[in-house]
Amino acid sequence: MKVTGPLIDTGRVDLAGFDRALGDPADPAALLSYARSAELDRDESFPADICRELDRMGLPRLYVPAEFGGALTRYDELVAALRAVARRDLTVAIGHGKTFLGGVCVWLAGRAEQAHELGADIVAGAPVSWGLTERGHGSDLLAGETTATPEPGGFRVNGEKWLINNATRGTLLCLLVRTRPEGGPRGFSLLLADKRRLAADRWRPLPKVPTHGIRGADISGIALEDCPFPADALIGEQGAGMEIVLKALQLTRTACTALSLGAADQAVRLAEEFATGRELYGRRLIDLPHVRRVLGEAYAALHAAEIVSVLAARSVHTLPREMTVISAMAKSYVPARADELIAACGELLGARAFLTEVHEHGAFQKLERDHRVVGIFDGSTFVNQHVLINHFPLLVRGHREGSADEEAVRRTADLSAPPPPARLDRLSLLARGGCSLTQSLHSASGELRALASADQAPARVADLAEELTDSCDRLHHELALSPPASHDVQPDAFALARRYEDCFAGAAALRVWLHNRTPGEDPLWLEAVLTYVLRSLRPPGRPTDGEVFDRLFDARTAGRPSAPPTSVVTS
């Protein structure tokens, strides 16, 4: 496909055209081909040419809110675009998409002039990085030792930021720095480091770190030695750095789910294609009952993950005060389910899942390596589940009081209508009302039961919805008995958090079907997703009937409608 101009521009976001322009990765001539990705991976080379082409197609505009000169008006569109890139090459998606993460703090708290200037730089193709972590401290941001000492006219910065994506390539870096010697929640600030303005002899790049996956990515660092920063480099108020970062993570964690969806898309495609062309015991591999079951369950897992991702992105617009919980759940749930899906598909490929030179140039072993890092981006699975655990009392109270915002839930799940404009100023560090989607399960399952009574939905699906509702009620009772969160969180609390994620996924799927169904539609995908999430919610020893996964597989291979309307792109 020849592209004559940007497909993503102010007032125009052609996601379907963008997806087509990326091409079929099996075609060596495609922009993001398996062959080219394998070559770059072997050489541990950054995909600079590909990123420049993505710049030309307009992707950086989706990293900049429209009010600051970009094209970002819908966060589900950002997720869809990143997913389209990630389903071809995760390294490219991670390397290019980091600019969105680097800019978020400015969109949240920067001065208008600062935000417009950064937006213009990003639209022009300048990479931006986010310097949070340091050697030896990992995700413990409050232990950061990089200091910014206030002085007349600005700050004097000393320290290192390490294991930072695009630290060397980035023209600008958003740095979290200690501005009070004692540190603490109000002891950190954010500075926007523009390398073009910094004294050249006061900073240096730290070497790229060899990595198992995303080999071509610029995972490196920056060292600053008595480096002067101008006063206008400050983002927001001095001392507000941690609060801004925690709110920014609500957006970046949501965006990161697109990486996992793309990896899952690619894993399922590679497994399907291999199983279709491979013969075993005189039969095609894809005709074996076990293979059909594995792929059918993979479809259900992918549907559950994409529903959670897309509704989390739309919740930025509709449920901003609940985003601290929703984003943490999404970031914990989606990468973990993608890891499981990738492992299941790898078993179907057998030895070819590990080989680098066969079956689409070794694409599967690359995506499996690449995806391992997604789970630790912007807080590991345990970090995100800890956020959820800290909210157990609020989740219980909201569930008991039935404080769900039903209208906001409808606007979140109704994919036929664009969400309202995002109000980032409404993001909160605490979801004081709990989680509306899980709170609304009673009304949603009741609506489905009414449809079943009117012969507009199968009774078996209504039964699953009621089972999910009962499981969610029991879970909230267990949450109420859980000890208060502390530094030494007990293992059982993480198990409860995982079950809550499944309740959320099931509730989200139910709402998507209810608000987007067409008359006579077979809710097969909903039945499969509910069956999938209920496996971990049922008492031990109760088996799960996987027959629905076989039917989901048969429907997909027959070309019958069998997927939720949660993907904005077309392929």
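- A cation-pi arrangement is present between R556 and Y299, with the terminal nitrogen or guanidinium carbon under 6.0 Å from the aromatic centre and inside a 45° cone about the axis.
- With rounding to the nearest 0.5 Å, the separation of CZ in R253 from OG in S327 is 6.0 Å.
- Note that CG of D502 is 11.5 Å distant from CG of L530, once rounded to the nearest 0.5 Å.
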Any chance you could lay out the side chain to side chain contact (heavy atoms under 4.5 Å, CB included) test for L141 and V245, step after step, and finish with the verdict? CA-CA 10 Å; L141 300 183; V245 165; 4.0 Å; yes

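- Salt bridge status for R551 with E527: present, with a side-chain N to carboxylate O gap under 4.0 Å.
- Remark: L295 CG to H290 NE2 distance equals 9.5 Å, nearest 0.5 Å.
- There is no side-chain donor-acceptor pair under 3.5 Å between H399 and T438.
- Side-chain contact between L78 and Y63 is present, with at least one heavy-atom pair separated by less than 4.5 Å.
- Between V85 and F18 the shortest side-chain heavy-atom distance falls below 4.5 Å.
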Side chain to side chain contact (heavy atoms under 4.5 Å, CB included) for F553 and I286? Distances and angles first, verdict last. CA-CA 10 Å; F553 172 86; I286 204 166; 3.6 Å; yes

Derivation of the side chain to side chain contact (heavy atoms under 4.5 Å, CB included) call for F494 and L388: CA-CA 9 Å; F494 290 98; L388 188 57; over 6 Å; no

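- If you check the side chains of E322 and S436, you find a donor sitting under 3.5 Å from an acceptor.
- Y500 and H476 have their aromatic ring centers within a separation under 6.0 angstrom.
- At a cut-off of 3.5 Å, with distance as the only test, a side-chain donor of E306 or H303 sits close to an acceptor on the other residue.
- The residues D287 and R284 are annotated as salt-bridged, a charged nitrogen and a carboxylate oxygen being separated by less than 4.0 angstrom.
- R215 is not listed as a side-chain neighbour of K366, based on a closest heavy-atom distance of 4.5 Å or more.
- Residue pairs meeting the salt bridge (Lys or Arg N to Asp or Glu O under 4.0 Å) criterion with at least one partner in residues 376-393, sequence neighbours excluded, are absent.
- In this structure, D554 does not pair ionically with R560, as no charged nitrogen and carboxylate oxygen lie closer than 4.0 Å.
- Salt bridge annotation for K331-E501: absent, with no cationic side-chain nitrogen under 4.0 angstrom from a carboxylate oxygen.
- In this structure, the separation between SG on C174 and CG on L101 is 10.5 Å, given to the nearest 0.5 Å.
- For H137 (side chain) and G144 (main-chain N/O), no donor-acceptor pair under 3.5 Å exists by modelled atom type.
- No hydrogens or angles considered: a donor-acceptor pair under 3.5 Å links the side chains of H386 and N390.
- Under a 3.5 Å cut-off, the side chain of T133 and the backbone N or O of G138 do not form any donor-acceptor pair.
- The minimum heavy-atom distance linking T412 with S315 is given by the pair CG2-OG, 3.6 Å.
- The only option from N166, L82, L54, I50 that meets the side chain to side chain contact (heavy atoms under 4.5 Å, CB included) definition with H96 turns out to be L54.
- The pair D218-K208 fails the salt-bridge criterion, with no side-chain N (NZ, NE, NH1 or NH2) lying under 4.0 Å from an Asp/Glu carboxylate O.
- Scanning both residues, T381 and S332, for their nearest heavy atoms gives CG2-OG, 3.4 Å.
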Could you go through R88 and D19, starting from their C-alpha distance and side-chain angles, then the distance that decides it, and tell me whether this counts as salt bridge (charged side-chain N to carboxylate O under 4.0 Å, His left out)? CA-CA 10 Å; R88 276 89 172 179; D19 189 57; 2.7 Å; yes

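- Contact of the I342 side chain with the F364 side chain is registered, since non-hydrogen atoms from C-beta on lie closer than 4.5 Å.
- Counting heavy atoms from C-beta outward, V209 and S220 have side chains that stay 4.5 Å or more apart.
- To the nearest 0.5 Å, atom CG of residue L72 and atom CG of residue L62 are 6.5 Å apart.
- The closest side-chain heavy-atom distance from R269 to P25 is below 4.5 Å.
- Between the side chain of S482 and the backbone N or O of E478, no donor-acceptor pair lies under 3.5 Å.
- Checking D89 against S37 by side-chain atom types alone, a donor-acceptor pair falls below 3.5 Å.
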Please walk me through it: do R293 and E547 pass salt bridge (charged side-chain N to carboxylate O under 4.0 Å, His left out)? CA-CA 8 Å; R293 175 67 57 85; E547 176 268 341; over 6 Å; no

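- Not counting sequence neighbours, the partners of R314 by the salt bridge (charged side-chain N to carboxylate O under 4.0 Å, His left out) test are D76.
- Inter-residue side-chain proximity for I376 and F382 is flagged as unmet; no heavy-atom pair is nearer than 4.5 Å.
- The two residues G103 and V128 have their closest heavy-atom pair at N-CG1, 4.2 Å.
- Minimum interatomic distance between I164 and L132 (heavy atoms only, all atoms of both residues): CD1-N, 3.9 Å.
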Applying side chain to side chain contact (heavy atoms under 4.5 Å, CB included), run through L108 and V104 and close with a yes or a no. CA-CA 6 Å; L108 283 171; V104 165; 3.9 Å; yes

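- When all heavy atoms are compared, the tightest approach of L349 to A271 is CD1-CA, 3.5 Å.
- A distance-only check finds a donor-acceptor pair linking the side chain of N165 to the backbone of I94 [under 3.5 Å].
- Not a single donor-acceptor pair under 3.5 Å links the side chain of H212 to the backbone N or O of R369.
- Using a 4.5 Å cut-off on side-chain heavy atoms (C-beta onward), C435 and F504 make contact.
- At a cut-off of 3.5 Å, with distance as the only test, a side-chain donor of T469 or S445 sits close to an acceptor on the other residue.
- Here the CG-OG1 distance, from L427 to T324, works out to 9.0 Å after rounding to the nearest 0.5 Å.
- In terms of heavy-atom proximity, T91 sits nearest to P47 at CG2-CD, 4.5 Å.
- R474 and S471 share a side-chain donor-acceptor pair at under 3.5 Å.
- Using a 4.0 Å cut-off between charged nitrogen and carboxylate oxygen, E39 and R36 count as a salt-bridge pair.
- The closest donor-acceptor contact from the side chain of S380 to the backbone of V383 lies under 3.5 Å.
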